[in-house]
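Contents: one structure, followed by commentary.
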Amino acid sequence: MRDHGGCWLAAGLVVALASSRWPAAGQPSARADQIVALCAKAMGGMETIRALRTLRIGIVYPDHGAAPIFCEIRRPNKIRTRITVFDGTRGCLLKDPTGQTGASFRPRLIPDDELKDFEVDIAWFIPAFFDYPYEHLGSEVAGGTEMHKLAVSLPLGAKMTYYVDGDAFLVRRAASDIVVGGNDYHMERAFSDFEPAGGILFPRSFVYPGRQDGTQTATVASIEVNIPLSDDDFRIPVDVQE
């Protein structure tokens with residue numbers, strides 16, 4: 001798994017199961033559609049969500065230094081960072097992990113088995129149930145609040161589970177389950193401090209497990225919505241190593 005500046009929530013976050021008022025887990029239902037519609041309304045409206053095409057996000061991870069780490073997204077499945085790019089089909093390491101370039105380094109393709117990780121990176125910021133089919137998994141109670149669970153299977157194989165607050169109908173927590181190299185990885189983030197950008201409510205902080213033991217809180221320093229980004233901005237270099 002690539003190191004994205006931390007995106008794992010410590011296992012100490014415990015959620016108690018409660019009896020569900022909703023249809024049985026795994027069953028498609030109009031209620032799931034209603035949850036998605038209410039989430040869109042809470043975030044700024046379905047039309048505003050549909051009009052969201054690009055994002056540039058700067059995040060400060062305290063265990064990675066004080067400077068923001070930026071990523072750019074072109075919906076639904078393109079993303080680039082300072083050292084990687086994913087064009088929706090192929091991923092490329094543009095620079096070595098220290099961010100340096102030189103005669104000894106050529107951009108190289110990222111193995112197919114790891115590409116699903118890029119889709120997860122996008123799904124943290126734009127709830128995947130706005131772009132892909134979703135499944136209702138019932139509800140849980142956390143801290144006295146009912147959380148409605150929606151699962152999305154991303155095209156490359158990762159699974160996202162979103163926990164939508166039954167009061168405010170915002171995504172308070174998201175989890176990813178992914179298999180890379182035959183190993184299972186479970187990753188989580190817990191979101192808070194929602195503020196608008198481009199007419200859409202985005203979380204401005206989230207909890208994740210840091211590089212060492214214990215949790216860290218990342219701060220979203222900046223969000224730019226619908227900036228000019230074309231497919232050309234996500235092209236794989238022609239001299240890439242296979």
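Nearest heavy-atom pair across A197 and R204 is CB-NH2, 3.6 Å. Looking at every heavy atom in both residues, V85 comes nearest to F118 through O-CZ, 4.3 Å. Nearest heavy-atom pair across C39 and V164 is CB-CG1, 4.5 Å. For the residue pair I236 and L109, the shortest heavy atom distance occurs at CG2-CD2, 4.0 Å. Minimum interatomic distance between C92 and V240 (heavy atoms only, all atoms of both residues): SG-CG2, 3.7 Å. Contact between L201 and P196 at its shortest, heavy atoms only, is CD2-N, 3.5 Å.
I69 and F86 fall within the same hydrophobic cluster, defined by Ile, Leu, Val, Met, Phe, Trp and Tyr side-chain heavy atoms under 4.5 Å apart, directly or through other members. Two different hydrophobic clusters hold V179 and L156 under the rule that ILVMFWY side chains link at heavy-atom gaps under 4.5 Å. Tracing side-chain contacts under 4.5 Å through hydrophobic residues (I, L, V, M, F, W, Y), one never reaches F70 starting from I227; they form parts of separate clusters. Linking ILVMFWY side-chain heavy atoms closer than 4.5 Å, directly or via other members, places V171 and I126 in a single hydrophobic cluster. M160 and Y132 fall within a single hydrophobic cluster, where Ile, Leu, Val, Met, Phe, Trp and Tyr are joined by side-chain heavy atoms under 4.5 Å apart, directly or via other members.
If you take CD1 on I178 and CG on L154, they are separated by 8.5 Å, rounding to the nearest 0.5 Å. S153 contributes atom OG, which lies 6.0 Å from atom NZ of K159 (distance to the nearest 0.5 angstrom). Summarising the geometry, atom NE2 belonging to H64 is positioned 10.0 Å from atom CD belonging to Q216; distances are rounded to the nearest 0.5 Å. Between atom SG of residue C71 and atom CZ of residue F125 there is a gap of 4.5 Å, rounded to the nearest 0.5 Å. With values rounded to the nearest 0.5 angstrom, K78 atom NZ is found 11.0 Å from D233 atom CG. Between F194 atom CZ and R172 atom CZ the span is 5.0 Å, to the nearest 0.5 Å.
Between F191 and F202, the ring center distance fails the sub-6.0 Å criterion.
The pair R235-D87 fails the salt-bridge criterion, with no side-chain N (NZ, NE, NH1 or NH2) lying under 4.0 Å from an Asp/Glu carboxylate O. Using a cutoff of 4.0 Å between basic side-chain nitrogens and carboxylate oxygens, R74 and D231 are scored as salt-bridged.
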Before giving the answer on side chain to side chain contact (heavy atoms under 4.5 Å, CB included), spell out for V180 and D117 the whole-Å C-alpha distance, their side-chain angles and the decisive distance to 0.1 Å. CA-CA 9 Å; V180 176; D117 206 17; 5.7 Å; no

Mind running side chain to side chain contact (heavy atoms under 4.5 Å, CB included) on W124 and I57 for me, showing each step along the way? CA-CA 12 Å; W124 294 129; I57 306 167; over 6 Å; no

Evaluate M43 against L170 for side chain to side chain contact (heavy atoms under 4.5 Å, CB included), listing each step before the verdict. CA-CA 7 Å; M43 290 178 63; L170 295 171; 3.9 Å; yes

Going through the checks in order, is the side chain to side chain contact (heavy atoms under 4.5 Å, CB included) test met by R173 and M147? CA-CA 9 Å; R173 180 174 152 227; M147 296 289 180; over 6 Å; no

Check: residues 44-52 side-chain donor-acceptor pairs under 3.5 Å, at least two apart:
{"from": "E47", "atom 1": "OE2", "to": "R50", "atom 2": "NH1", "distance (Å)": "3.0"}
{"from": "T48", "atom 1": "OG1", "to": "G44", "atom 2": "O", "distance (Å)": "3.2"}

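In this structure, T54 and I73 have side chains that are not in contact, with every pair of non-hydrogen atoms separated by 4.5 Å or more. Residues D167 and F169 fail the side-chain proximity criterion, which asks for heavy atoms closer than 4.5 Å. Annotation: side chain of L94 is in contact with side chain of P237 (closest heavy-atom distance under 4.5 Å). Taking the side chain as every heavy atom from C-beta outward, K116 and V120 never approach each other to under 4.5 Å. The side-chain heavy atoms of S176 and H186, taken from C-beta on, include no pair separated by under 4.5 Å. A 4.5 Å side-chain heavy-atom check between D239 and P107 finds at least one atom pair inside the cut-off.
In this structure, R80 is positioned above the aromatic face of F234, its NZ or CZ under 6.0 Å from the six-membered ring centre and within 45° of the axis. Remark: R189 fails to qualify as a cation-pi partner of Y208 under the 6.0 Å distance and 45° angle criteria applied to the six-membered ring.
A donor and an acceptor atom, one from each side chain of T217 and S205, are nowhere located under 3.5 Å apart. Counted by atom type alone, Y134 and D33 present one or more donor-acceptor pairs between their side chains at under 3.5 Å.
Under the 30°/60° scheme for interplanar angles, the aromatic rings of F129 and Y162 are found to stand perpendicular.
The closest donor-acceptor contact from the side chain of T219 to the backbone of A221 lies at 3.5 Å or more, if one exists at all. Counting only distance, with no hydrogens or angles, the side chain of R53 and the backbone of R75 share a donor-acceptor pair below 3.5 Å.
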